[in-house]
Amino acid sequence: MLQPPATVTLADLVAAVCRFRDERDWAEFHTPKNLAAATAIEAAELQERFLWKTDAEVDQNLADAAKRAGVADEIADVVMFAMLLADRLGIDLAEAITAKLAANEQKYPVNLARGNARKYTELGGG
Ligand SMILES: [Mg+2]
């Protein structure tokens, strides 16, 4: 089993996921449409882990090591397909995440958004 190095960067993980793809010669199947669909399908698999359960039941499940590992697997699937999609589109994930976080900081100023779940259009203040 692969073990992440003590210090692993986002770029290291993207490179590892792309290496996994390339060793299997799968890039030809990784069209943007297929990768977007795969990301959404894996997100649905993640949701399925929680479907029909109360928050208390979810917490109980997550205390079970095997069930927690299953959730971790699905999260990893979502992130890996998103990495592959970004790579396919030539999008630098670190730049994209940094830019999106900066945009969200503008949309959700701490003084207006802290402690509530309102959408930015409902925050008022400007
Ligand atoms: Mg999966």
Side-chain angles (χ1 to χ4, degrees):
M1 181 176 170
L2 292 174
Q3 292 294 321
T7 301
V8 63
T9 67
L10 180 58
D12 292 336
L13 292 172
V14 170
V17 170
C18 290
R19 184 170 53 251
F20 178 91
R21 173 201 62 202
D22 293 340
E23 286 170 350
R24 288 155 184 80
D25 197 19
W26 285 350
E28 67 179 293
F29 309 116
H30 287 187
T31 63
K33 175 185 71 70
N34 286 341
L35 290 169
T39 304
I41 290 164
E42 295 299 344
E45 290 179 4
L46 176 60
Q47 287 184 302
E48 190 176 25
R49 298 278 177 163
F50 307 128
L51 187 64
W52 312 124
K53 294 176 176 63
T54 65
D55 288 346
E57 289 168 334
V58 168
D59 288 345
Q60 193 173 12
N61 279 358
L62 291 174
D64 177 281
K67 289 178 180 168
R68 186 176 184 82
V71 169
D73 279 351
E74 300 303 349
I75 293 171
D77 283 341
V78 171
V79 173
M80 288 190 297
F81 275 120
M83 287 174 164
L84 288 164
L85 178 57
D87 179 75
R88 174 65 176 77
L89 298 175
I91 292 170
D92 182 300
L93 261 187
E95 285 180 17
I97 291 169
T98 301
K100 183 62 179 178
L101 190 55
N104 285 349
E105 285 176 355
Q106 294 294 314
K107 285 162 63 172
Y108 295 95
V110 172
N111 65 316
L112 298 176
R114 185 175 173 81
N116 71 69
R118 289 195 296 271
K119 189 173 179 180
Y120 68 95
T121 52
E122 306 297 324
L123 286 176

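Numbering of ligands and ligand atoms starts at 1, following listing order.
Other residues, nucleotides and ligands contribute more than 12 heavy atoms inside 6.0 Å of the CD atom of Glu57.
For the pair Asp12 (side chain) and Thr9 (backbone), a donor-acceptor distance under 3.5 Å is present.
Only protein N, O or S atoms were considered, and those under 2.8 Å from the Mg ion (ligand 1) are Glu42 OE1, Glu45 OE1, Glu74 OE1, Asp77 OD2.
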Indicate every side-chain donor-acceptor pair of residues 93-104 with a distance under 3.5 Å to a residue at least two apart or in another chain.
unit_1: Thr98; atom_1: OG1; unit_2: Ala94; atom_2: O; d: 2.7

Ignoring hydrogens and angles, write down the donor-acceptor pairs under 3.5 Å from the side chains of residues 27-47, residues two or more places apart or on other chains.
unit_1: Thr31; atom_1: OG1; unit_2: Asn34; atom_2: N; d: 3.1
unit_1: Thr31; atom_1: OG1; unit_2: Asn34; atom_2: ND2; d: 3.2
unit_1: Asn34; atom_1: ND2; unit_2: Phe29; atom_2: O; d: 3.0
unit_1: Thr39; atom_1: OG1; unit_2: Leu35; atom_2: O; d: 2.8

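With sequence neighbours excluded, no residue forms a ring-ring contact (aromatic ring centres under 6.0 Å, His included) with Phe50.
Between Arg118 and Tyr108, the shortest heavy-atom contact is O-CE2, 3.6 Å.
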